[in-house]
Every structure is written in C-alpha cells, then in structure tokens.
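Here is the structure we will look at, set down as structure tokens.
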Number of protein chains: 2
Amino acid sequence: MQLALATAGLGPALNAGPVHAHLRPEEPGARRRVEADEEIYAEGDRPLHFYKVVSGAVRTYRLLSDGRRQIDGFHLPGDIFGLEAGDERRTGAEAVVDTVLTAHRRSDRAALTGDAGALACEVVAAMLRALARAQDHMLLLGRKTARERVASFLLGLAERAGADGVLALPMSRADIADHLGLTVESVSRTFTQLERDGLIALPAHRRAVELRDRAALRRLDG
Amino acid sequence: MQLALATAGLGPALNAGPVHAHLRPEEPGARRRVEADEEIYAEGDRPLHFYKVVSGAVRTYRLLSDGRRQIDGFHLPGDIFGLEAGDERRTGAEAVVDTVLTAHRRSDRAALTGDAGALACEVVAAMLRALARAQDHMLLLGRKTARERVASFLLGLAERAGADGVLALPMSRADIADHLGLTVESVSRTFTQLERDGLIALPAHRRAVELRDRAALRRLDG
DNA sequence: CGCAGCGTTGAACGGCTTCAATGAAAGTGG
DNA sequence: CCACTTTCATTGAAGCCGTTCAACGCTGCG
C-alpha cells in the first residue's frame, strides 16, 4: 500500500517530491521501551509525539464513562500510530506486550525525511491506511455476526503479521472482544466453534491460532 | 488500526504556510448536480475526483456480498468526501436528496488553492475530520445501545447542521439504520420511545426531529 | 503446592432482529 | 381532482444471537 495509496486520491501536489514509504532507517526518533499493559499516552494528553512500532504490539482505544471500551486498532511492528487530530488525544494507547517504539517529536522535522513533501506523503499514507481500516472495521462492527467478526479479525491479523503457519495472538481475549464489539465469552465460544468446524486449531497455550481453512474463513468475510 | 492523525502529528511541515480551512470560493471545480438516490461513484471505480457538498446530502457506504450495508458517513454542505486510499474506490457514494457538488479532479492543481502546502492542509483537514468521526463511530457501533446510538446520531447531526430548533433529517430510516448498525424497526421504535420520554418530538412529516432535552440526550452519549 | 489470572463452558436472560401487518404520505395516471 | 399504487414509517409478536451471571479448568509462577 504505502504511497500508491496516497497518490491516488491526493494527486500531483503531494507527489511533487520523491516518495518515501517509511521513515528512514536512520530516523533519529528516540527509542522507547514499554512493558506489557503500560500506558503510552492517555485520552486528553497533549499529542507531542507520534510513534512507530519496532517490536511488540500496541492497542489504541476509547472509553465510555461507565468503562465500556472500544479498541479501534492494534498496531504491529512497522505501523505508525499516535498522529492526532487536535491538541488533545482522542484515544489512549497501551502496550499489549513488552514493546519497543520509536518516538518522533511532532515538532522535530529532522525526525522525518527532511523534506516537507515527503513528510506529507508519509503522514498521509498512514492516515489513508488508518481510514481504510476504519471503514472495514465499521462494516464489521455494524453488520457482521460474531463468527464473521472473528474470521475477519484472524485473516486481517494473519495478513498484517505475514504469518503462514501458526498466528501469534499477543492480545488477550478481552482485548479481542473490545476490538470486535463482543464479550470475552462470545469470542471464546466462537473460537471453539471455529475449531470444532475445522477452520482453525487452537494450541494449548491459547495465545496463538492456526488457520486451517483460509478459504472457508474468507467466505465468512463477505 | 490507528485513526488518529494530525495537525499535531503533522506539525511544522504542513503548517508552515497559511492554513486554509476550505477550498476557495472561486474554486474552479466543476459543478455537478445529482438527484436523490443517484450514484456519484461506485465501489471499484477509479477515484478520479473528490467532491465537496454545496447543498443536499451524500451517503458513502460499503456492502457485503449478501447486501448488508454499512453507511460510514453522511456528508453535508461544506464537507469534503471521495478522498481515496488506492486506485479503486473502497466505498460507494450516492446522493441522499437532490444535491449539488463541486467535483475536483485529483490531477487538477488549478482546482485547488494553487499552493501545494495549502492543498495538503485542506486535504489533511478533511481526512482528520473523517478519522475522528470514524473513531467516534466505531465506539458507537461496538459498544453503544440502540438508544445511545440514536441519541449520539441526533446530537452529532444537530451540531454539524447547526440546527437550533427543528433538525431536518434528509435521510430515510433505512439510511439511519444502516449507519447505526440497527434495523429500520429498531430505529423507529427508538424514536418513538425517545419521544414518549420527552427527549425529542417528531413532526408529522417524519423527516425532521425536534431535540427537546439535549442534556438528557447528551447523558446517553457517555 | 497453592494462588491468581485468563480462558472456557453452562444456563438463563434480554435487546435487537425477524416476520408480519397496519398506517400514512407521496407519486401516477385517468 | 381523485382512485390507485408505491413507498416509507410505525407497531406488534415471536424468535434468536449475543449477553449476563456463574462455575469450573488450565496454566504459569510465587
């Protein structure tokens, strides 16, 4: 995806300069190490940085006043998150497991490619990916059954993680539930049901899945 | 799936120049008139243009193979839509009522402010708004009850439309249902229930609502 | 070994959906 | 202008999927 995505809708203005798909390898962003369940930033914080996942996994989420939680996304190695639309964080972010990030000061131009056009491309690409995912996820939350939600989730995660055989699940059932708009019980039941039907296999330690019938899972997608 | 992006995240590069909140009045975008329920573009089309609503209303949506529909947003006068993350439309767009648009060729620099920085700001601002709305909407779809969904919808629409007294509802109950992840029946029942409870009033022609107790509606938001 | 946390399973409940019918308003053609 | 049709909104009744409440099992770790 990267900039091919960005270019289509945005046209020549942002393509005037060279296109960089990622922050440079020599990006000077400060490394930050966070352990499992540690907060990276909270709703309401001032968004001074944005981040790129080096290793581990991150969840970003919103809360209702009574505690109901919606995880709007999991961020895996290579993903950029924490770009914010205002002077206050609209989401909170926490590490799912022990995680390493690079933090980029939003005001630090040197942290980026050094070229405004390319920076715009970089950032816009991240936004477009985020928006595309959000659209997919709204369809999932608004119109899909529990089975379909879990199938979509597993396929999407497998694709992003590039997992061929067994797919690692860094997040808990509660995280998955709050991402898919279900309860932990429903997620668990759906997993066992999919296993019984031969679409997946569940290793003993429960933090992984083997996708045994991707075609069938894909059929559940719509 | 991080949605957040930002002025904050964008920082100095995109804010270097003057910020233009809207395409200029003299924008040379071609006017396009579409009547109610007419297609503006379809899923799979090549995204040659993006649009700004002059008058009327537009819905953008995604479909599942069996016809289930999720309307990811309604676009009112002043809104920009049709910015796309790829060489294929991921959503379809239709006019809700008779609508006037300005269409901007993505490759037509003259259609914009003439300044790449300002264009970036314009486009990025539109994306940021879309992303913020998407986050709100995922929380709604994943975690809110029917009552809360309808309340959120009405308040959000009222805010955007700037309606003080009676709020016009250009879209059908089916459109609202497909936006809120409910059925038409549930939307209708929830309306009558809110009316019975004195939070809203429903005029005879059903394409409007009066918000009679915004505080109570807001309490339903979370 | 025993505790604590997470995941799974069971049973009853409930909110929303589904199916079906009625009502109301808008368009159509004579 | 008025019957007729069509479309949309509302209401009712029954059903179902996912939730809620509760118990149990597994696993890892002190």
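Here is how names work: the chains are called A, B, and so on, in the same order as the sequence lines, proteins then strands, and each is numbered from 1. Quick caveat: nothing in here was measured; it's all calculated off a predicted structure.
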- Message: Whether the side chain of B/His75 engages the backbone of B/Gly82 through a donor-acceptor N/O pair (distance < 3.5 Å, no angle test) should be reported.
- Response: no
- Those residues of residues 184-203 of chain B lying under 4.0 Å from DNA chain D by at least one heavy atom: B/Glu185, B/Ser188, B/Arg189, B/Thr192
Can you check the [X] [atom1] to [N] [atom2] distance for me, whole Å?
X: B/Asp37; N: C/dA26; atom1: CG; atom2: P; answer: 16 Å
X: B/Met171; N: D/dT7; atom1: CE; atom2: C1'; answer: 18 Å
X: B/Arg68; N: C/dT17; atom1: CZ; atom2: P; answer: 13 Å
X: B/Asp175; N: D/dT7; atom1: CG; atom2: P; answer: 16 Å

Pair up each side-chain donor or acceptor in residues 154-164 of chain B with any protein partner under 3.5 Å, not counting sequence neighbours, and list the distances.
unit_1   : atom_1 : unit_2  : atom_2 : d
B/Arg160 : NH1    : B/Phe74 : O      : 3.3
B/Arg160 : NH2    : B/Phe74 : O      : 2.8
B/Arg160 : NH2    : B/Asp79 : OD2    : 2.5

- Message: Checking side-chain polar atoms at under 3.5 Å, does B/Arg143 have a donor or acceptor matched by the opposite partner on A/Gln70?
- Response: no
- Message: Heavy-atom nearest nucleotide on DNA chain D for B/Arg143 versus B/Arg173: which residue maps closer to 5'?
- Response: B/Arg173
- Can you tell me which residue pairs pass the salt bridge (charged side-chain N to carboxylate O under 4.0 Å, His left out) test with a partner in residues 199-210 of chain B, sequence neighbours excluded?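 Counting only pairs at least two positions apart or across chains, the salt bridge (charged side-chain N to carboxylate O under 4.0 Å, His left out) contacts touching residues 199-210 of chain B are B/Glu210-B/Arg212.
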Distance-only check: which donor-acceptor pairs under 3.5 Å involve side-chain atoms of residues 193-202 of chain A, not counting sequence neighbours?
unit_1   : atom_1 : unit_2   : atom_2 : d
A/Glu195 : OE2    : A/Leu202 : N      : 3.0
A/Asp197 : OD2    : A/Arg147 : NH1    : 3.0
A/Asp197 : OD2    : A/Arg147 : NH2    : 3.2

- Side chains of B/Ile176 and B/His179: closer than 4.5 Å at any heavy-atom pair?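 No, their side chains stay 4.5 Å or more apart.
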May I have the list of side-chain donor-acceptor pairs in residues 41-51 of chain B shorter than 3.5 Å, sequence neighbours left out?
unit_1  : atom_1 : unit_2  : atom_2 : d
B/Asp45 : OD2    : B/Ala42 : N      : 2.9
B/Tyr51 : OH     : B/Arg32 : NH1    : 3.2

- Message: Applying the salt bridge (Lys or Arg N to Asp or Glu O under 4.0 Å) criterion to A/Asp178, which one of A/Arg69, A/Arg68, A/Arg62, A/Arg59 satisfies it?
- Response: A/Arg69
Look for any protein N or O under 3.5 Å of an N or O in nucleotides 24-30 of chain D and output each such pair with its distance, or none.
none

- Between B/Arg147 and A/Arg207, which has a closest nucleotide on DNA chain C that is more 5'? A/Arg207
